[in-house]
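Shown next, in structure tokens, is the structure this report addresses.
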Number of protein chains: 4
Amino acid sequence: MAIKVTVWNEYVHEVEEEAIGKLYPKGIHGCIAEFLEKAGMKAHTATLREPEHGLSEEVLNDTDVLIWWGHVAHQEVDDKIVEKVYARVLDGMGLIVLHSGHASKIFNKICGTNTGELKWREVGEKEILWVVDPSHPIVDGLPEKIIIPSEEMYGEYFGIPAPDELLFLSWFEGGEVCRSGFCYHREKGKVFYFRPGHESFGTFYIPEVQQVIINAVKWATPINFPELVRGMVDPIIDFTPSGDFTSVH
Amino acid sequence: MAIKVTVWNEYVHEVEEEAIGKLYPKGIHGCIAEFLEKAGMKAHTATLREPEHGLSEEVLNDTDVLIWWGHVAHQEVDDKIVEKVYARVLDGMGLIVLHSGHASKIFNKICGTNTGELKWREVGEKEILWVVDPSHPIVDGLPEKIIIPSEEMYGEYFGIPAPDELLFLSWFEGGEVCRSGFCYHREKGKVFYFRPGHESFGTFYIPEVQQVIINAVKWATPINFPELVRGMVDPIIDFTPSGDFTSVH
Amino acid sequence: MAIKVTVWNEYVHEVEEEAIGKLYPKGIHGCIAEFLEKAGMKAHTATLREPEHGLSEEVLNDTDVLIWWGHVAHQEVDDKIVEKVYARVLDGMGLIVLHSGHASKIFNKICGTNTGELKWREVGEKEILWVVDPSHPIVDGLPEKIIIPSEEMYGEYFGIPAPDELLFLSWFEGGEVCRSGFCYHREKGKVFYFRPGHESFGTFYIPEVQQVIINAVKWATPINFPELVRGMVDPIIDFTPSGDFTSVH
Amino acid sequence: MAIKVTVWNEYVHEVEEEAIGKLYPKGIHGCIAEFLEKAGMKAHTATLREPEHGLSEEVLNDTDVLIWWGHVAHQEVDDKIVEKVYARVLDGMGLIVLHSGHASKIFNKICGTNTGELKWREVGEKEILWVVDPSHPIVDGLPEKIIIPSEEMYGEYFGIPAPDELLFLSWFEGGEVCRSGFCYHREKGKVFYFRPGHESFGTFYIPEVQQVIINAVKWATPINFPELVRGMVDPIIDFTPSGDFTSVH
């Protein structure tokens, strides 16, 4: 059965800046949804300025993997919607955060660190992404490096928790490096961050970039989860409480 | 120079329940501060119902490591104070979270998961903590296992991110297990969670438990941090921007 | 295309001890191969006392995932065959090590620690395996715990490197715990260790145990690997060597 | 009490090549031992061509932390000595591997991967090491980056297990990156790898490089280890073996 992906995009640059609108006529979300559909997935889009940002409970409950691109309007995202997305991720919905989405409320909340903090430079410089885990399904079918002729630089120290799985490291012409592709497991959810994707460089048309995102969607897809029991429970093994205690409970 | 520790305790049980008050005449915070001072540290206490919960900016700025014990009043902790503690941790203040502090706002925020979620049972049962990283400074001077005759059970699945360093695993009489001592690095801060410490079992009088906490304070102490530059930066290496903007490749 | 699995088993107990021979009439290898085939895989078996231990170059080159069960004859495994298996794992062949295979030459070599070292007790006691990563494909379709009525106990401290992914923790009636299901990524290879499987308890007939192994084979299957360039290379970026040799700064 | 360090160096280049001999008149080992002594440690040296490579049982038993530099003569290191060093590391002796030591027998054995495999280029190019864990004791007192004007390039994919702690990432002028400072915990031992240190560039005279090594020695110093019990054990908790089994043991 086709993986159900919701591609969420701010969709502000494409609307407000003519050059970006021409570069991504269907918006970044439309561009991504298109190559996901070509890869056999069922891709749905949602944008910031739709009601509920396009992320109603039905949409979220019917989403296997959510992709998130945001940049200049993170603050406009309603905290209540962030809470719903957050709850769905911990409950198993995969999440792929792209580029400037590192500063989104949802990524910030999931990581618990100042994920918005890093070095940056937007002049257009070469980026080389190097694979550092050649066993991982997200690098399936890829070469050992991806060269992006022009991108916005992000540099360390990147305010993230140490990744559970580190997949890519990026080199930039100006001297910086960045952990640029990595995974977290958060309860039932699987989260992947991928750095490239500045709105003005056409990065989402690059075949290897598309392949990473396709692989990541497959990786992040929910499994049939163990049913988790929480709270006060009876023992599995019979025993006589062995100690004494001064308890009033 | 002596490590400056602030021991934060809810201090509700000891006040409201006679038996707990007798068990911890100086409060859990007083008990902990006492053995830290004996170990050569400078220990300061703070409790929930003091102004600003005893965590003013001066206190927080003058704290190397904060210890946190809370249980029935997590919701009473002011969100503004949580934000200040959170900012201090990411900026280098060590944090040690004990027992039911797993459900505190601060631990929840730092972890980004439902840390409050686990199995529990409060009948008094044996806990055996096993060391699973014999190289780690937090297990310095300890035996390979610590037997606690009576504790409250916490059982997996414990809603935490995979620890950066896993130090202890606990066995309980009723059949459950729990990851019971573990570390996270979050930006400049070091965080240690230690499971034992239910208010009614006198756990903080156990020498090995005290030793773990003393070792953890030393481990969590701030270093002289690298100064981190963030935001828009000039390149370190001169280069000519090689690509053109709004380019499709 | 069906995943090609080679199930390697020492096959000494089943031959030399009547009771074990009755429990596993086709050998542990035959039992495992059978349920793998039912799950749609192509399972091939190999045993210690075959020529080259059944692990010729053709077999190894045509194996996607190798499963290893050994116990009393680890020393009989030819070092040259160990080297070949090792090279194949680093080059992408998945490896699943079961139970007493923890003390095998191959697992020892891959881990680089004294993997043979742990506590054990063979009296028959209850084991409860708890899931500690509910997002992971290896726990797909499983409950939050697996109860095995009778197994051989393995207890910490287990001489292994900290797992890259920790999936299961085991509880034993006698008071011990064990990290009992975990993953390593080693270059192109994916390695999974699963603890249950003592020859005398019929563990490999338990449906949940079979499901873990089936899931693990799928997880460990090789991807289409990036082609890795090694050794002396030309730069990707033109530059003028900026420093002088034999320089003191 | 002063930390006891043994600095092991191949000491071939310094002897066989005049320029290297002038650069390091006391050998790389003498240079390193000198700054360690200035930092309050007790530094002892040993070289390849001494009897037992200077690593007798007394020396190894009296060493808290061993530093290893080798390059062109890894094969000359006696396997028996490698086994002794390996046993001491797992038993708690710290190990710091520098630069081309990545291809040493000891590092290869501990990692269990083809640690000798990486890209390299020896023309003299700028290296920038970036801190990616600002909380870690090994980066105590350091700036966020270290610029080395001339070094030998090492580039990914570096055949190592994913580090337990990743501290530095390196940028090279030619386009490559490398995980260049990282930690492993292996049983009781703590292992740190640090990339810079090619024999012809005077790297060990750089103050920040010296500081990293001094910090690493402190980090790798043995603790008072838990005494680990292994092998067949009696239960801690009395129980009646609950299941039946077809065992002949």
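Keep in mind that this is a model prediction, so the values were computed, not measured. Within every chain, numbering begins at 1; the chains are lettered A, B, ... in the order of the sequence lines, protein sequences first and strands thereafter.
- Looking at B:Glu144, only its side chain comes within 4.5 Å of chain C, counting heavy atoms on both sides.
- The aromatic rings of C:Phe201 and C:His198 are tilted relative to each other, their planes meeting at an angle between 30° and 60°.
- At a 4.5 Å heavy-atom cutoff, the contact between C:Val177 and chain B is made by backbone and side-chain atoms alike.
- The aromatic rings of C:Trp68 and C:Trp8 sit parallel, their planes meeting at an angle under 30°, below the 60° perpendicular limit.
- Heavy atoms of C:Glu176 lying under 4.5 Å from chain B belong to its backbone as well as its side chain.
- Taking the six-membered ring where the residue is Trp, C:His185 and C:Trp219 present perpendicular rings, their angle passing 60° and hence far from 30°.
- At distances below 3.5 Å, at least one donor-acceptor pair connects side-chain atoms of C:Glu10 with backbone N or O atoms of C:His71.
- In this structure, chain C has heavy atoms under 4.5 Å from both the backbone and the side chain of B:Trp171.
- Proximity to chain B (any heavy atom under 4.5 Å) is restricted, for C:Phe172, to the backbone atoms N, CA, C and O.
- For chain B, the option among C:Leu169, C:Ile147, C:Ile160, C:Asp133 with the highest count of heavy-atom pairs below 4.5 Å is C:Leu169.
- Between C:Phe182 and C:Phe158, the ring-plane angle classifies as perpendicular under the 30° and 60° cut-offs.
- Taking the six-membered ring for Trp and thresholds of 30 and 60 degrees, C:His13 and C:Trp69 have ring planes more than 60 degrees apart, a perpendicular arrangement.
- Ranked by heavy-atom pairs under 4.5 Å with chain B, the list C:Pro134, C:Gly155, C:Ala162, C:Ser170 is led by C:Pro134.
- With a 4.5 Å cut-off on non-hydrogen atoms, B:Val132 touches chain C through its backbone and its side chain both.
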